[in-house]
There are 2 protein chains.
Amino acid sequence: MRNNESKKCTKQKIFEVSAKLFSREGYNGVSMRKIAKEVGIKESSIYNHYKNKEEILTSLFDYWNDTLTIYRPSEEDIEKMLDYMSVEDVFKQLVIGFGKSLNSTLDSIAKIIYIEQFRNEKARKLMLENLIGESSRFIESVLKIMSRKKIIRAVDMNLIADEYNYTLLALSFEYAHAVNDGEDAAPVIKKMFRHISFICEYLKPI
Amino acid sequence: MRNNESKKCTKQKIFEVSAKLFSREGYNGVSMRKIAKEVGIKESSIYNHYKNKEEILTSLFDYWNDTLTIYRPSEEDIEKMLDYMSVEDVFKQLVIGFGKSLNSTLDSIAKIIYIEQFRNEKARKLMLENLIGESSRFIESVLKIMSRKKIIRAVDMNLIADEYNYTLLALSFEYAHAVNDGEDAAPVIKKMFRHISFICEYLKPI
DNA sequence: GTCTATAGCTAGATAGAC
DNA sequence: GTCTATCTAGCTATAGAC
């Protein structure tokens, strides 16, 4: 029992420390020694938990993929939200809920995806398929629900989903920088909300 | 003379090879040996042209900064363009002109900025100040000219400049991936133009 | 300005004691 | 499961011959 707990604890520590270090220095900028030192063990001990360095990175990406898929609200959830919330508040809630679902490890992993997207195949896939593709399709499905309920006017939903999504993606880079540099992230959040207001103004029925 | 020419040529080769390799593997993923091998010289010879590895990276960022500042059309240029072009065509021309100004080395440097923005201070500055800040202010100044000429309706120009710019920035990431993977970049260009059409539709005088 | 040779260091990974 | 010790390979950078 104690064995299992301490095993889990050390592996978890390696996991979180790696996320933090990779997000600051990039995968190739962090050595197994640095990770071991920060965890408080010898580098050779890492190999009892992970096969090699690459497997640590892969486990980070897998965690991101699993967690973020679970978070996204279902179509039923959206329907319910629209019963008592405005279009604008639903979109704002999606951003707030997404932000709240991110612990500091997930924040770090997001940055690792940004950094490694041109070098690592898994990171590239997460960027293009998850952060761009799936997100856009999700927003398009939300727009379809709103259209069915006739609370937004007729628009090119694929286009508006892209407009909504790409700007938020770029702003999430700016957000990562603010958090990174220990600056106030409020101005970026404000920009996100201003963007949502702009889209909702466009969507308003005439 | 011949000395000068060959010197310039080797230095230029180091410059271009480094841009290519850094953009693929990241700064920390490329060794001086790899660069030397690809150039066709010994690694020690690099130090006759650059003080160290960091100076190669810095020179790449300086080149980006100098070139892109020179490219951006002046307010007078914009005024002239508007004499015989529509609002939409001016914006499309800005994207096309920007694209044409990029040789393959500048394409690579853009990717290096994306990769290194969270690790390298110069890259971070270029991302936040040049690609986000300056670009947005430039578009805002273009919108002001259009507004003065009364060819667009009254809007929050700071907001629209951000809407215009952030989506294009995110799409430029997708563009970099397409070029990177040897895929067809046309669908991304099409998305850029669709975005511009959307913004111009919004700007149309009533 | 390029070369050979090498210093001096750090990397990822493994063997075997406890 | 963690440790010490160590291997091999790779790294940046320099010295000095040509």
Side-chain angles (χ1 to χ4, degrees), chain A residues 1-62 112 115-116 119-123, chain B residues 1-62 112 115-116 119-123:
Chain A
M1 276 295 146
R2 202 175 300 166
N3 248 351
N4 255 343
E5 273 170 27
S6 77
K7 178 185 168 186
K8 198 179 173 183
C9 189
T10 299
K11 185 160 188 172
Q12 184 65 18
K13 270 189 201 164
I14 297 169
F15 185 87
E16 285 166 12
V17 163
S18 298
K20 190 180 73 179
L21 296 180
F22 287 162
S23 74
R24 285 187 192 157
E25 304 293 334
Y27 177 78
N28 279 317
V30 179
S31 64
M32 295 294 261
R33 285 173 201 192
K34 263 192 220 164
I35 296 171
K37 197 176 178 184
E38 182 93 2
V39 171
I41 54 172
K42 295 293 166 186
E43 60 184 305
S44 55
S45 299
I46 296 179
Y47 294 91
N48 282 309
H49 304 280
Y50 293 95
K51 201 180 69 193
N52 52 31
K53 193 183 170 190
E54 187 71 27
E55 200 186 75
I56 302 178
L57 184 65
T58 302
S59 74
L60 290 170
F61 290 151
D62 288 344
I112 300 171
I115 294 170
E116 303 295 334
R119 195 196 59 77
N120 180 284
E121 181 55 28
K122 280 217 173 194
Chain B
M1 280 295 143
R2 202 176 299 165
N3 248 352
N4 256 341
E5 273 172 26
S6 74
K7 178 186 169 184
K8 198 178 174 182
C9 189
T10 299
K11 184 161 190 173
Q12 183 66 17
K13 269 189 201 165
I14 297 169
F15 185 87
E16 285 166 11
V17 163
S18 298
K20 191 179 73 179
L21 295 179
F22 287 161
S23 74
R24 284 186 193 158
E25 303 293 335
Y27 177 77
N28 278 317
V30 180
S31 65
M32 296 293 262
R33 283 174 202 191
K34 263 191 218 164
I35 297 171
K37 198 177 179 184
E38 182 93 3
V39 171
I41 56 173
K42 295 293 167 185
E43 58 184 303
S44 56
S45 299
I46 297 179
Y47 294 91
N48 283 309
H49 304 281
Y50 293 96
K51 199 180 69 190
N52 52 30
K53 195 184 169 190
E54 189 69 29
E55 199 185 78
I56 301 177
L57 185 65
T58 301
S59 75
L60 290 170
F61 289 152
D62 288 343
I112 300 171
I115 294 170
E116 303 294 335
R119 197 194 58 77
N120 180 284
E121 180 55 28
K122 279 218 175 195

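Below, read A as the first sequence line, B as the second, and so on, with proteins coming before strands; counting in each chain starts at 1.
- Contact detail for B:Tyr50 and B:Glu55: the closest heavy-atom pair is CA-OE1, 3.4 Å.
- Here the CG-CD distance, from B:Asn120 to A:Glu25, works out to 10.5 Å after rounding to the nearest 0.5 Å.
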- Message: Quick one, B:Lys13 with B:Ile41, criterion side chain to side chain contact (heavy atoms under 4.5 Å, CB included). Give me CA distance, side-chain angles, the key distance, then yes/no.
- Response: CA-CA 10 Å; B:Lys13 269 189 201 165; B:Ile41 56 173; over 6 Å; no

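- Here the C1' atom of nucleotide D:dT12 and the CD atom of B:Glu54 are 13 Å apart, to the nearest Å.
- Rounded to an integer number of Å, the gap from B:Tyr47 OH to C:dT4 P is 16 Å.
- Taking atom NZ of B:Lys53 as the reference point, atom C1' of D:dT14 lies 18 Å away to the nearest angstrom.
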- Message: side chain to side chain contact (heavy atoms under 4.5 Å, CB included) for A:Phe61 and A:Glu121? Distances and angles first, verdict last.
- Response: CA-CA 11 Å; A:Phe61 290 151; A:Glu121 181 55 28; over 6 Å; no

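- Distances were taken from every side-chain heavy atom of B:Ser45 (C-beta onward) to each of C:dC3, D:dT12, C:dG12; the shortest belongs to C:dC3.
- Straight-line distance from the OH atom of A:Tyr50 to the C1' atom of C:dT14: 20 Å, rounded to whole Å.
- Within a heavy-atom distance below 4.0 Å of DNA chain C, the residues of residues 19-44 of chain A found are A:Val30, A:Ser31, A:Met32, A:Arg33, A:Glu43, A:Ser44.
- Under the 4.5 Å side-chain criterion, counting only non-hydrogen atoms from C-beta, B:Cys9 is not in contact with B:Gln12.
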- Run the side chain to side chain contact (heavy atoms under 4.5 Å, CB included) check on B:Thr10 and B:His49 step by step: do they pass? CA-CA 8 Å; B:Thr10 299; B:His49 304 281; 3.5 Å; yes

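- When the C1' atom of D:dG1 is taken as reference, atom NE2 of A:His49 falls 6 Å away, rounded to whole Å.
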